[in-house]
Amino acid sequence: MDRDPGRPLGAGRFSTTVFTELTALAERTGAINLGQGFPDEDGPEAVLRTACDALVSGENQYPPLGGLPGLRAAVARQRQRRYGLGYDPEDEILVTTGATEAITAAVLALCGPGDEVIVVDPAYDAYVAAVTLAGGRCRRVPLLRDGGTGFVLDPDELQRAVTPRSRLLILNTPHNPTGKVFDRTELSGIARFCVRNDLIAVVDEVYEYLVYDGAGHLPPAALPGMRERTLSVSSAGKTFNVTGWKVGWCCGPSDLVAAVRSVKQYLTFASAAPLQRAVAEALDTQEDWVTRWREDLRGRRDLLAAGLTGAGLPVITPEGGYFLQADVSDLTRRDAVEFCRDLPAAAGIVALPTTAFCEKPGAYRSLVRFAFCKRRDLLAEAVTRVGHLRRPSPPVPSQHLEKT
Ligand code: PMP
Ligand code: GLN
């Protein structure tokens with residue numbers, strides 16, 4: 001069928017996501033995929049077994065729209081146990097198809113055409129897409145580079161982004177792609193900002209367990225004046241190494257959760273029943289497993305950071321999440337986009353220019369995001385290959401290393 005190029009298909013405003021492109025590139029070239037953030041090992045065995053049991057024991061029909069009562073109760077226990085935040089599983093918790101659906105449904109529910117959403121730049125790609133789908137407009141506030149060591153949000157810039165059309169703030173802590181974990185002082189300032197400007201906060205906490213070196217994750221909902229205006233979003237993917245399950249949730253006051261639910265019913269209606277049962281069990285029983293995984297990840301972060309630094313790519317050490325930032329400006333005159341374009345051929349590695357998440361490249365122009373949630377042998381091999389970039393390159397093997 002011939003299509004009229006003057007009338008693009010509805011989704012024509014979106015190009016393929018950078019993650020799909022990166023993984024396709026890694027598969028095509030046989031490069032090590034440090035681009036898309038997913039681990040290459042499974043989560044806790046007992047949790048996988050529970051999912052299998054649920055599948056074969058007949059839990060395969062639509063679960064309730066809001067999620068299995070058992071999962072909502074487990075989320076309520078988890079928020080209470082870890083953060084002292086009480087939510088009623090009946091009407092203050094909603095199970096969603098990953099954190100992505102919670103965020104998208106929240107934006108569609110709470111932001112109308114012409115409304116504005118304040119987003120920290122760099123931003124995870126789904127936020128901007130959700131605002132576009134809602135017919136709203138993003139006001140991006142830059143997360144500034146703080147010397148060579150970290151990132152900081154300027155409260156004055158935040159305030160300058162507010163207009164009479166501002167409705168929401170989307171915040172992500174621990175932050176993808178920088179690995180920044182907002183501390184209590186910063187979050188208190190952001191909380192006062194939300195209260196002062198009567199904004200609803202949608203807070204993406206998918207890396208809530210993956211915080212290193214004693215930095216703690218503090219949910220903004222725990223700060224004064226915030227519980228009644230915050231939707232806290234999280235999911236099982238990063239915590240239990242099940243990114244493909246897409247089981248997420250949001251917690252908040254009943255009126256906000258009801259608004260998200262009203263949109264969710266027409267996006268997916270419900271989310272995979274057997275996996276919900278397994279995630280409920282994981283939340284109740286797998287904190288020790290997650291503690292070990294976090295320690296392991298910290299070691300992988302340090303392995304990759306030391307290797308990249310040694311190879312001439314100084315690293316900004318992340319306090320949380322799956323990713324680190326490496327600066328290519330000592331190694332090359334090219335920017336990170338060009339560096340990453342050449343990296344599969346030059347070193348057999350796929351990585352992501354951080355500017356893929358930015359409205360304005362600014363100080364991010366020379367930063368590359370590397371995922372360190374991958375197997376240690378792959379990280380070690382990646383380090384060796386990056387080390388060759390300064391010297392004439394040896395031939396690059398076309399396949400991943402064999403699984404050990
Ligand atoms: N938010 C952030 C910051 C992410 O990095 C990701 C990627 N996993 C998501 C949301 C998506 O989470 P989910 O897979 O649960 O939809
Ligand atoms: N969150 C992952 C990342 O930042 C990817 C998620 C996705 O593939 N959409 O790499």
Side-chain angles (χ1 to χ4, degrees), residues 14-27 32-40 43 67 71 75 94-107 119-131 143 151 170-182 202-211 217 219 231-251 260 264 267-268 271-272 275-276 279 282-283 297 318-325 340 350-358 367-374:
F14 299 122
S15 50
T16 307
T17 83
V18 67
F19 307 115
T20 306
E21 280 178 3
L22 288 174
T23 293
L25 179 63
E27 281 167 6
I32 298 174
N33 186 358
L34 305 187
Q36 191 179 20
F38 60 89
D40 35 24
L71 176 53
V75 171
L94 176 72
V95 174
T96 55
T97 303
T100 309
E101 189 192 33
I103 294 160
T104 304
V107 171
V119 173
V120 174
D121 199 51
Y124 183 60
D125 64 346
Y127 310 157
V128 183
V131 175
L143 189 60
F151 301 90
I170 303 182
L171 188 69
N172 172 213
T173 182
H175 182 253
N176 179 7
T178 62
K180 178 181 175 63
V181 177
F182 287 84
V202 176
V203 186
D204 179 347
E205 303 177 27
V206 296
Y207 300 101
E208 62 182 302
Y209 283 84
L210 306 183
V211 172
H217 171 66
L231 278 165
S232 305
V233 174
S234 194
S235 70
K238 308 303 181 323
T239 304
F240 304 114
N241 283 15
V242 288
T243 60
W245 282 14
K246 301 295 289 188
V247 175
W249 50 88
C250 67
C251 309
V260 181
K264 185 219 154 56
L267 291 179
T268 54
S271 313
L275 304 183
Q276 289 191 41
V279 171
L283 284 170
L297 267 178
E319 301 158 293
Y322 269 179
F323 311 103
L324 59 74
Q325 299 290 319
C340 289
V350 166
L352 176 76
T354 307
T355 51
F357 291 83
C358 297
L367 293 185
V368 174
R369 190 193 83 164
F370 287 90
F372 56 83
C373 52
K374 309 292 177 169

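Atoms considered below: every heavy atom in the structure, side chains included; atoms not considered: hydrogens, waters and symmetry mates. Remember, it's 1-based here, ligands and their atoms both numbered in the order they're listed.
Heavy atoms only, all atoms of each residue included: Leu267 and Glu101 are closest at CB-OE2, 3.4 Å. Residues Thr173 and Lys180 approach most closely at OG1-O, 4.3 Å, considering heavy atoms. Residues Pro174 and His217 share a closest heavy-atom pair of CD-ND1, 3.8 Å. Residue Val202 comes nearest to Ala106 through the heavy atom pair CG2-CB, 4.3 Å, listed as atom of the first residue, atom of the second, then distance. Between Thr239 and Tyr209, the shortest heavy-atom contact is CG2-CD1, 3.4 Å. Among all heavy-atom pairs drawn from Leu143 and Phe151, the shortest one is CG-CB, 3.7 Å.
In Phe323, the part holding a heavy atom less than 4.0 Å from any atom of ligand 2 is the side chain. Both the backbone and the side chain of Thr100 come within 4.0 Å of ligand 1, judged by heavy-atom distances. Both the backbone and the side chain of Ala99 come within 4.0 Å of ligand 1, judged by heavy-atom distances. The residue Thr100 has no part lying near ligand 2, judged by heavy-atom distances below 4.0 Å. Residue-level proximity to ligand 1 for Lys246 is carried by the side chain, the only part with a heavy atom below 4.0 angstrom.
Taking atom 1 (N) of ligand 1 as the reference point, the nearest protein heavy-atom neighbour is Asp204 OD2, 2.5 Å. Looking at atom 7 (C) of ligand 2, its nearest protein heavy atom turns out to be Phe19 CD1, 3.5 Å.
With Arg369 as reference, Asn176 is the one residue of Asn176, Thr178, Thr355 to meet the side chain to side chain donor-acceptor pair (under 3.5 Å) rule. For the side-chain contact (heavy atoms from CB on, under 4.5 Å) with Val247, the lone residue among Thr96, Leu71, Thr97 that qualifies is Leu71.
Looking at Glu319, its side chain does come within 3.5 Å of a backbone N or O of Val181 through a donor-acceptor pair.
The closest heavy-atom contact to atom 2 (C) of ligand 2, among the options Ala126, Ala371, Gly37, comes from Gly37. Of all the listed residues (Gln36, Glu205, Lys238), Lys238 holds the heavy atom that lies closest to atom 8 (N) of ligand 1. Nearest to atom 4 (O) of ligand 2 by heavy-atom distance, out of Lys238, Arg369, Gln36, is Arg369.
Note that the CZ atom of Phe38 and the NZ atom of Lys238 stand 11.5 Å from one another [nearest 0.5 Å].
Looking at Asn172 next to ligand 1, no N or O pair under 3.5 Å apart turns up. Considering both main-chain and side-chain atoms, Tyr124 never comes within under 3.5 Å of ligand 1 through any nitrogen or oxygen pair.
In this structure, His175 falls outside the shell of residues with a heavy atom less than 4.0 angstrom from ligand 1. Close to ligand 1: Tyr207, with a non-hydrogen atom less than 4.0 angstrom away. Note on ligand 2: Tyr124 sits in its first shell, one or more heavy atoms being nearer than 4.0 Å.
Within ligand 1, counting atoms from 1 as listed, the ones closer than 4.0 Å to a heavy atom of Asn176 are 3 (C), 4 (C), 5 (O).
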